[in-house]
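Below you'll find the structure, written out as structure tokens, and then a few comments.
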Amino acid sequence: MSEVLSFPKRETLPLAIGPSPMPLELRHLAFQADSIAILMGIDLKLDTDALTVLMGPNGAGKSVFLRLLHGLIKPTFGEVLWNGEPACAATRKQQALVFQKPVLLRRSVKANLSFALGLRPFQNRKQRLQSALDSAGLADLADRPAHVLSGGEQQRLALARALILEPKVLFLDEPTANLDPASTLLIEQTIQRVRQQGVKVILVTHDTHQARRLAEDVLFMHRGRLIEHSSAQTFFDRPAMREARAYLDGEILV
């Protein structure tokens with residue numbers, strides 16, 4: 001039986017905001033599927049390492065937006081530029097995406113992490129593997145098949161597997177949806193830790209409490225458009241758009 005996890009007190013001091021390790025610029029970004037407009041006319045610059053939270057109602061296009069940024073799908077119109085250059089395979093190798101529903105190999109916890117390590121010419125592989133297991137609170141489960149883990153354990157494994165590749169940009173698509181509080185807390189602490197290490201984090205969440213805890217700047221989407229981009233304090237205290245105010249008040253947006 002694994003040990004009960006104990007968590008340190010959450011860090012509440014603001015972090016200094018520096019330049020992004022991979023500045024992002026979107027120019028007139030749009031995406032259509034079967035002639036249906038999913039995203040429309042998005043222009044954006046993210047050039048700091050601030051932790052960016054992406055919010056909006058269901059159907060706003062948030063998950064599609066993440067996939068476009070990561071290069072898993074191509075825009076119908078417009079450009080996604082990283083470091084001033086179009087997104088490409090080399091760009092994706094410096095990024096990682098963790099989905100809401102973990103996609104894991106039907107192997108052990110340790111084998112999932114070892115597979116990821118094999119994708120890069122890392123040294124000290126054994127040390128990196130043990131560090132990843134310890135950080136995710138999975139050391140006691142290293143030999144357990146990944147598919148029998150709890151939902152929280154699977155998501156922690158998916159996050160650990162992404163981070164073992166040392167990405168410069170980390171995309172997270174509702175990584176704590178439907179998880180227990182302990183797993184949620186550990187994942188949030190991991191997110192804060194990698195932010196402190198200079199990784200650019202772009203997090204999708206519907207949890208306004210989580211967004212208030214983690215966000216340094218906020219993107220708000222509605223009906224396939226990016227209608228607000230502001231600092232977290234401004235967004236939560238004085239949202240500019242009525243749709244954002246309604247969303248924060250718990251109203252259903254259509």
Side-chain angles (χ1 to χ4, degrees), residues 17 20 22-87 91-92 95 97-101 169-177 200-254:
I17 293 177
S20 172
M22 292 183 70
L24 168 67
E25 182 178 0
L26 307 180
R27 297 177 180 172
H28 315 304
L29 186 70
F31 181 77
Q32 294 181 354
D34 297 327
S35 300
I36 298 173
I38 308 298
L39 298 174
M40 296 166 282
I42 297 178
D43 293 287
L44 174 68
K45 286 186 178 181
L46 293 178
D47 54 10
T48 74
D49 63 359
L51 197 157
T52 298
V53 167
L54 175 60
M55 305 186 76
N58 289 330
K62 301 182 299 297
S63 294
V64 171
F65 185 68
L66 279 196
R67 286 160 173 77
L68 282 167
L69 297 190
H70 192 34
L72 297 182
I73 54 178
K74 294 183 178 180
T76 307
F77 305 102
E79 292 182 296
V80 178
L81 303 176
W82 292 98
N83 288 324
E85 299 293 336
T91 300
R92 287 198 301 274
Q95 304 172 348
L97 169 60
V98 176
F99 297 94
Q100 178 180 345
K101 183 175 176 57
V169 180
L170 176 65
F171 301 108
L172 301 169
D173 193 357
E174 297 192 63
T176 62
K200 174 65 180 181
V201 178
I202 301 178
L203 164 70
V204 173
T205 183
H206 282 289
D207 186 339
T208 56
H209 297 292
Q210 181 175 76
R212 287 177 183 270
R213 289 193 295 269
L214 298 178
E216 293 172 294
D217 69 332
V218 177
L219 306 175
F220 184 79
M221 297 185 69
H222 182 53
R223 293 184 177 178
R225 296 186 182 276
L226 178 62
I227 64 172
E228 189 157 349
H229 177 206
S230 62
S231 70
Q233 182 173 354
T234 297
F235 180 80
F236 292 116
D237 292 347
R238 301 179 303 280
M241 305 301 293
R242 62 177 180 82
E243 294 88 350
R245 292 195 296 272
Y247 180 85
L248 293 174
D249 288 340
E251 298 178 21
I252 297 176
L253 300 180
V254 294

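Numbering starts at 1 and runs along the sequence shown.
Heavy atoms only, all atoms of each residue included: V218 and A232 are closest at CG2-CA, 4.0 Å. The minimum heavy-atom distance between L219 and F65, with the atom names listed, is CD1-CE2, 4.3 Å. The two residues P239 and A244 come nearest to each other via the heavy atoms CB-CB, 3.9 Å. Heavy-atom minimum distance, M55 versus A211: SD-CB, 3.8 Å.
E174 contributes atom CD, which lies 6.5 Å from atom OG of S63 (distance to the nearest 0.5 angstrom). Remark: F31 CZ to I36 CD1 distance equals 11.0 Å, nearest 0.5 Å. The CG atom of L226 sits 11.5 Å away from the CE atom of M40 when rounded to the nearest 0.5 Å. To the nearest 0.5 Å, atoms CD (Q95) and CG (L72) are separated by 9.0 Å. For the atom pair L69 CG and L29 CG, the distance stands at 7.5 Å (nearest 0.5 Å). Put simply, CD on E25 and CD on E79 are 8.5 Å apart, with the number rounded to the nearest 0.5 Å.
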(request) Check the pair T205, Q210 against side chain to side chain donor-acceptor pair (under 3.5 Å), reporting the backbone distance first and the verdict last. (result) CA-CA 8 Å; T205 183; Q210 181 175 76; 2.9 Å; yes
(request) Decide yes or no on side chain to side chain contact (heavy atoms under 4.5 Å, CB included) for F99 and L97, but give the supporting numbers first. (result) CA-CA 6 Å; F99 297 94; L97 169 60; 3.6 Å; yes
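Within a 6.0 Å radius of CD in Q32, other residues, nucleotides and ligands contribute more than 12 heavy atoms. With a 6.0 Å radius and a threshold of 12 heavy atoms from other residues, nucleotides or ligands, H206 has its NE2 atom above the threshold.
In this structure, the side chain of K200 does not engage the main chain of L170 through any donor-acceptor pair within 3.5 Å. Counting only distance, with no hydrogens or angles, the side chain of E216 and the backbone of L51 share a donor-acceptor pair below 3.5 Å. Within the 3.5 Å criterion, the main-chain N or O of R92 finds no donor-acceptor partner in the side chain of W82.
Classified by interplanar angle (parallel below 30°, tilted 30° to 60°, perpendicular above 60°), the ring pair H70/F171 is tilted.
Two residues are said to be in side-chain contact when any heavy atoms from C-beta on lie closer than 4.5 Å; R223 and E243 fail this criterion. Under the 4.5 Å side-chain criterion, counting only non-hydrogen atoms from C-beta, I17 is in contact with D49. Using a 4.5 Å heavy-atom threshold, the side chains of F220 and M241 count as separate. In this structure, P23 and L46 have side chains that are not in contact, with every pair of non-hydrogen atoms separated by 4.5 Å or more. Within the 4.5 Å cutoff, the side chain of F235 has no heavy atoms near those of the V53 side chain. Between M221 and L39, some side-chain heavy-atom pair lies under the 4.5 Å cut-off. Residues L26 and V80 are in side-chain contact: their nearest non-hydrogen atoms beyond the backbone lie under 4.5 Å apart. Within the 4.5 Å cutoff, the side chain of T91 has no heavy atoms near those of the E85 side chain.
Donor-acceptor pairing under 3.5 Å is recorded for the side chains of D217 and T52.
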